[in-house]
Amino acid sequence: MVNLVYNFYAMNNKIVLENIKNNLIISCQAACNEPLYEKSAMFALIDTLILLGKSTSLRLAGKRDITYVKEKYPNVTVVGITKPDIIPDNYKELVYITPDIEHVKIVVEAGADIIAFDGTVRNKNVEGIINHIHSFNKLAMADIADFDDAKYSYLKGADILSTTLSGYTKSTENLPDVPDFELLEKLVKTFNVPVILEGKIWNNKDVKHAFELGAHSVVIGSAVTRPHKIIEKFREGIL
């Protein structure tokens, strides 16, 4: 019986990885002081992404939104996280994405298929977090900022590596405001786990290049789901 259960979860996780392979994961999140955070607004945005945008994979924060999607759209793959309601100004110094096993439990119980967490070397809980995720037979995705972070989380047992935090930590804050293709390429060539490109992706050329370099998936967030950020990008064209 134990082997049957193990085989079931192993097969399910294999299906999850296949579902996101060569696909877009749309990050749909808002801070609690933003109008889109309201339940009706966020749920409408999620419905739009799935029903009209044909999105089959989402990255969501918190019990409310994860539960909504997994109950209404059980076939949609969810990368789940927790994070503060409002990101503090000193976020580059903090471990705040699913920072401990208690937050892992929240995301798992909400129904997420993949649990993402801060996988940087500054996070001393990485091994415990990964083991806890695996105890629920879920996939552990390490959000990392640089190669050392990736190696650290990989050796601790991460199933997936994502460039989510490149440019968003003190050690990487001076990187150009573009996707970290150099890091993506190095990770793909070094580690035998799926590598996801996330961060600063604003056009289809970036998406195409990511897959050319071997990305398993690409996460797009602000360019799709944060109107005020989109407006800021357009304003850059005003002389």
Side-chain angles (χ1 to χ4, degrees), residues 13-14 16-29 55-61 77-81 83 91-92 95-98 113-123 126 129-130 133 139-226 229 233:
N13 285 337
K14 183 178 180 181
V16 168
L17 289 175
E18 283 299 315
N19 285 345
I20 65 172
K21 186 175 183 180
N22 298 324
N23 205 349
L24 298 177
I25 301 171
I26 306 301
S27 180
C28 186
Q29 301 170 38
S55 299
T56 59
S57 304
L58 301 178
R59 178 175 168 122
L60 303 170
T77 299
V78 171
V79 178
I81 66 169
K83 66 178 185 181
Y91 68 91
K92 292 179 182 178
V95 173
Y96 63 89
I97 299 175
T98 323
D113 304 286
I114 300 168
I115 290 77
F117 60 94
D118 184 310
T120 63
V121 295
R122 63 192 177 174
N123 186 357
V126 163
I129 287 172
I130 292 174
I133 293 171
L139 292 163
M141 183 167 105
D143 289 344
I144 58 89
D146 58 29
F147 184 82
D148 289 340
D149 294 339
K151 183 178 180 180
Y152 172 66
S153 282
Y154 175 80
L155 293 176
K156 297 295 185 183
D159 304 296
I160 305 167
L161 301 172
S162 178
T163 64
T164 311
L165 292 172
S166 174
Y168 299 102
T169 63
K170 292 297 291 183
S171 62
T172 62
E173 63 182 350
N174 293 321
L175 289 175
D177 190 25
V178 295
D180 198 339
F181 291 118
E182 182 178 346
L183 177 61
L184 169 67
E185 186 172 20
K186 191 171 183 180
L187 299 186
V188 168
K189 290 180 177 180
T190 305
F191 304 108
N192 62 340
V193 295
V195 179
I196 293 175
L197 180 70
E198 179 173 1
K200 306 174 183 177
I201 301 160
W202 286 92
N203 57 65
N204 57 3
K205 291 182 180 179
D206 289 341
V207 172
K208 181 180 179 182
H209 189 46
F211 286 122
E212 289 172 344
L213 292 176
H216 188 87
S217 315
V218 173
V219 176
I220 301 177
S222 296
V224 175
T225 60
R226 307 203 75 192
K229 295 294 184 181
K233 282 294 181 181

Paired with Leu139, the side-chain contact (heavy atoms from CB on, under 4.5 Å) test is passed by just one of Asp113, Leu17, Ile115, namely Leu17
Trace of the side chain to side chain contact (heavy atoms under 4.5 Å, CB included) decision for Lys170 with Arg122: CA-CA 11 Å; Lys170 292 297 291 183; Arg122 63 192 177 174; over 6 Å; no
Heavy-atom distance under 4.5 Å between the side chains of Thr77 and Asn23, does that happen here?
no
Result for side-chain contact (heavy atoms from CB on, under 4.5 Å) between Ile144 and one of Thr169, Thr164, Asp118, Leu183 points to Leu183
Nearest heavy-atom contact between Ala215 and Asn22 is O-OD1, 4.2 Å
*Show your working on side chain to side chain contact (heavy atoms under 4.5 Å, CB included) between Val219 and Ile196 and close with a plain yes or no.*
CA-CA 7 Å; Val219 176; Ile196 293 175; 3.6 Å; yes
Margin query: For the backbone of Ala145 and the side chain of Thr172, can you confirm whether one donor and one acceptor N or O come within less than 3.5 Å of each other?
Written below: no
Exercise for review: Compare all side-chain heavy atoms of Ile160 with those of His216 and state whether any distance is below 4.5 angstrom.
Suggested key: no
Hey, what's the ring geometry for Tyr168 with Tyr91, parallel, tilted or perpendicular (30° and 60° as the breaks)? tilted
| Note, Glu182 side chain near Lys186 side chain (heavy atom, < 4.5 Å) | no
Checklist entry - Any side-chain heavy atom of Asn13 within less than 4.5 Å of one from Asp159? => result no
For Tyr152 and Gly119 the tightest heavy-atom approach is CD2-O, 3.8 Å
Review point. Checking Thr98 side chain against Ala116 main chain: does a donor-acceptor pair fall under 3.5 Å?
Key: yes
State plainly whether the residues Asp143 and Arg59 are in salt-bridge range, i.e. N to O under 4.0 Å. yes
Quick check: does any side chain N or O of Ser222 sit under 3.5 Å from a backbone N or O of Lys229, one acting as donor and the other as acceptor?
no
Count the heavy atoms of every other residue, nucleotide or ligand shown that sit under 6.0 Å from NZ of Lys92, and state whether that count exceeds 12. yes
Closest heavy-atom pair, Thr120 versus Val126, reported as atoms and distance to 0.1 Å, is O-CG2, 4.2 Å
Exercise. Taking the six-membered ring where the residue is Trp, are the ring centres of Tyr154 and Phe147 under 6.0 Å apart?
Worked result: no
Lys200 and Pro176 have their tightest heavy-atom pair at NZ-O, 3.4 Å
Closest heavy-atom pair, Ile201 versus Pro179, reported as atoms and distance to 0.1 Å, is CG1-CG, 3.9 Å
When every non-hydrogen atom of Ser153 is compared with those of Phe117, the smallest separation belongs to OG-CE1, 4.4 Å
### Query
Quick one: does Leu161's side chain get under 4.5 Å of Val193's, heavy atoms only?
yes
